[in-house]
2 protein chains.
Amino acid sequence: MAEFAKSGNCFSCGLKSSMFCLLTDIQLDEINSNRQQVTFKKGETIFKSGGPLTHILCITSGMVKIFLEDKNNKKNLLLKIAKPTQLIGGPGFLVDELHHITAIALEDTKTCFIKVSDFKEIMAENSKFAFEFIKYRNERVIFYFQRLMDLTHKQTHGKIADTLLYLANEVYGSDSFDTLLSRQDLADMSAMTKESVIRIIKEFVESGIIACNNHHHFEIMDKNKLIKISKTG
Amino acid sequence: MAEFAKSGNCFSCGLKSSMFCLLTDIQLDEINSNRQQVTFKKGETIFKSGGPLTHILCITSGMVKIFLEDKNNKKNLLLKIAKPTQLIGGPGFLVDELHHITAIALEDTKTCFIKVSDFKEIMAENSKFAFEFIKYRNERVIFYFQRLMDLTHKQTHGKIADTLLYLANEVYGSDSFDTLLSRQDLADMSAMTKESVIRIIKEFVESGIIACNNHHHFEIMDKNKLIKISKTG
DNA sequence: CTGTTATGTTGATATATCTCAATCTTTTGT
DNA sequence: ACAAAAGATTGAGATATATCAACATAACAG
């Protein structure tokens, strides 16, 4: 198992320019000695909504889908795709110490488990670390605000445009990408049915806005048009 | 202008059992000497999305609606009704120092303006205060998660049930209440049109679930039924 | 390689909700 | 008190999207 970089620098596991850069050697040692590395296979559940929040996770490699679950209606809402160097844990921290989101590995994924108690201790000692955490949280809130507006006020074309732009810009960093997400996942992300997703993707392909082969390769051909569709809803 | 209570206690302006109880005398003095009390008339804008976030506000008296604005579509999403002793500021804190929400007084409202720089200083000195702030933020995130699920997956009857239950339980603390919200506000809160709100309220009245006089007085007659409607969507 | 299961696709139909326009009611300002 | 403005209500019609069922294709296990 790789050790963390010393001297207030980032994790050796790839965590660059994150809040962990703010830690002292002593604090890094403390986290380092208590952390556990765990590997998940594709499709495995990393943690589940309602379960105890004992650790904050850092993704070392792989990809994870994070979503809200509804027991009654079995309708999920996919919130984000988490990638390496991102922390996942959720808002139960300092509240009820429960998970409010579910995380499932989209491919084989390595994670570091950091004890919540270590997290708290360091946060109490190191105010810059706490500030960075609040900043991170607030950024997420701004993101969810946008999600609330988009999912409640836009119609299907706009929502699919949003989902495709999110994947290209935020997840894959390219207008041409292969995704691990199923049509149902795209539907859960856009708050609609998989049938509607399929129909709109077909429309987008027919009008030359995107290309799509073998179900999982996407290419954005006319990004301006897609952005316009996203804006007009 | 009233002074804050000393000895680590709450604001004299009514802020009870809040995070301000965690401050020392010195810290309270610091906030106290820099704060400004501002009164807003009914309908006045307290701050607007996009504007600079220079102060965190504490509501001393009155009621405020907090909502997300969309410049293009002029469709708003009402997030919450803020009441006395609540802090309002929003997630721009430590991110871009801008407001991401708009606040409008629903009635004559008194507020305390606390400088963001004071807030930061005290948070750096007092880790318990920072923890309390993170807790507060995380509670909001959990609330927004629920909102995301409710607004995207439920249909109109369920969403109106949610809105009525929110007003009764969280805002007015009674199953019988007069609200300052218009039909359009209820629509903005439930992510639907005012016409649909009106029709469903009429249905609820006709089936004896609620009573509603002179547009603004509501009374929940059959709460169990309303809860059931909220659950089944 | 082959049957089985999961995922994707298409079409026909139902329906919830919005839109628009007319009308009625309440609130507000003078 | 009255006119004007704002908000609430109702109805008819349009439409976007879900639902359901059948079928096609891809992925997977033995």
Side-chain angles (χ1 to χ4, degrees), chain A residues 41-44 65 70 73-78 104 106-108 150-163 178-206 210 212-218 229 232-233, chain B residues 41-44 65 70 73-78 104 106-108 150-163 178-206 210 212-218 229 232-233:
Chain A
K41 290 216 186 305
K42 179 177 176 172
E44 280 184 332
K65 64 173 170 178
D70 186 19
N73 302 9
K74 59 188 172 189
K75 285 198 175 187
N76 298 331
L77 187 68
L78 211 165
I104 291 185
L106 285 169
E107 58 186 328
D108 291 3
D150 291 345
L151 294 177
T152 54
H153 290 325
K154 288 181 184 177
Q155 34 193 77
T156 46
H157 296 254
K159 291 193 291 187
I160 287 291
D162 284 338
T163 294
D178 282 273
T179 184
L180 298 153
L181 298 174
S182 68
R183 294 298 189 256
Q184 185 62 56
D185 287 329
L186 296 178
D188 289 346
M189 199 158 191
S190 316
M192 51 204 259
T193 59
K194 64 177 189 306
E195 290 93 335
S196 294
V197 170
I198 288 162
R199 278 183 253 266
I200 288 156
I201 286 177
K202 198 185 172 192
E203 274 185 57
F204 283 0
V205 169
E206 279 166 359
I210 63 169
C212 176
N213 315 323
N214 61 303
H215 308 173
H216 293 290
H217 180 77
F218 288 90
I229 291 168
T232 56
Chain B
K41 289 215 185 307
K42 179 178 178 174
E44 281 185 331
K65 64 172 171 178
D70 186 19
N73 303 9
K74 60 189 169 188
K75 285 200 176 186
N76 298 330
L77 188 67
L78 212 166
I104 290 184
L106 285 169
E107 59 185 330
D108 291 3
D150 290 345
L151 293 177
T152 55
H153 290 325
K154 288 181 182 176
Q155 36 193 76
T156 47
H157 296 254
K159 291 192 290 186
I160 287 290
D162 285 337
T163 294
D178 281 275
T179 183
L180 298 154
L181 298 174
S182 68
R183 294 296 189 258
Q184 184 61 56
D185 287 329
L186 296 178
D188 289 346
M189 197 157 192
S190 316
M192 52 205 259
T193 59
K194 63 178 188 306
E195 290 93 336
S196 295
V197 170
I198 288 163
R199 278 183 254 265
I200 288 157
I201 285 177
K202 197 184 172 192
E203 274 185 57
F204 283 0
V205 169
E206 280 167 358
I210 62 168
C212 175
N213 314 323
N214 62 302
H215 307 173
H216 293 289
H217 180 77
F218 288 90
I229 291 169
T232 55

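The figures here come from the full heavy-atom set of this structure, side chains too, leaving out hydrogens, waters and symmetry mates. Note on naming: letters A, B, ... go to the chains in the order of the sequence lines (proteins, then strands), and numbering restarts at 1 for each one.
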Can you name the nearest heavy-atom pair linking B:Thr193 to B:Ala187, along with the distance?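 Nearest pair, atom of B:Thr193 first, then B:Ala187: C-CB, 3.7 Å.
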Can you tell me which residue pairs pass the salt bridge (Lys or Arg N to Asp or Glu O under 4.0 Å) test with a partner in residues 184-202 of chain B, sequence neighbours excluded?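 Qualifying pairs: B:Lys65-B:Asp185.
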Any idea which of [options] is nearest the [X] side chain?
X	options	result
A:Lys194	D:dT19, D:dA8, C:dT9	C:dT9
B:Arg183	C:dT17, C:dT19, D:dT9	D:dT9
A:Ile198	C:dG8, C:dC18, D:dT19	C:dG8
A:His157	D:dA8, C:dT9, D:dT17	D:dT17

Would you check if the side chain of A:Ser190 reaches a backbone N or O of A:Leu186 as a donor-acceptor pair within less than 3.5 Å?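 Checked: pair present.
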Which sits closer to the 5' end of DNA chain D, A:Glu195 or A:His216, going by the nucleotide each is nearest to?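 Whichever sits nearer the 5' end wins; that is A:Glu195.
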Would you kindly compare A:His215 and A:Met192 by the position of their nearest DNA chain D nucleotide and give the one closer to the 5′ end?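 This one resolves to A:Met192.
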Does [N] have its OP1 or OP2 closer than 4.0 Å to a side-chain nitrogen or oxygen of [X]?
X	N	answer
B:Thr156	C:dA16	no
A:Thr193	D:dA18	yes
A:Ser196	D:dT17	no
B:Arg199	D:dT10	no
A:Lys202	C:dT10	yes

Sole candidate of B:Ile160, B:Thr163, B:Asn76 that passes side-chain contact (heavy atoms from CB on, under 4.5 Å) when paired with B:Met189: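 Among the candidates, only B:Thr163 passes.
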Could you tell me the separation between the [atom1] atom of [X] and the [atom2] atom of [N], rounded to a whole number of Å?
X	N	atom1	atom2	answer
A:Lys42	C:dA6	NZ	P	15 Å
B:Asp188	D:dG7	CG	C1'	14 Å
A:His153	C:dC18	NE2	C1'	14 Å

Regarding A:Lys159 and A:Asp150, does a basic nitrogen lie under 4.0 Å from an acidic carboxylate oxygen?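 The answer is no: the pair does not qualify as a salt bridge.
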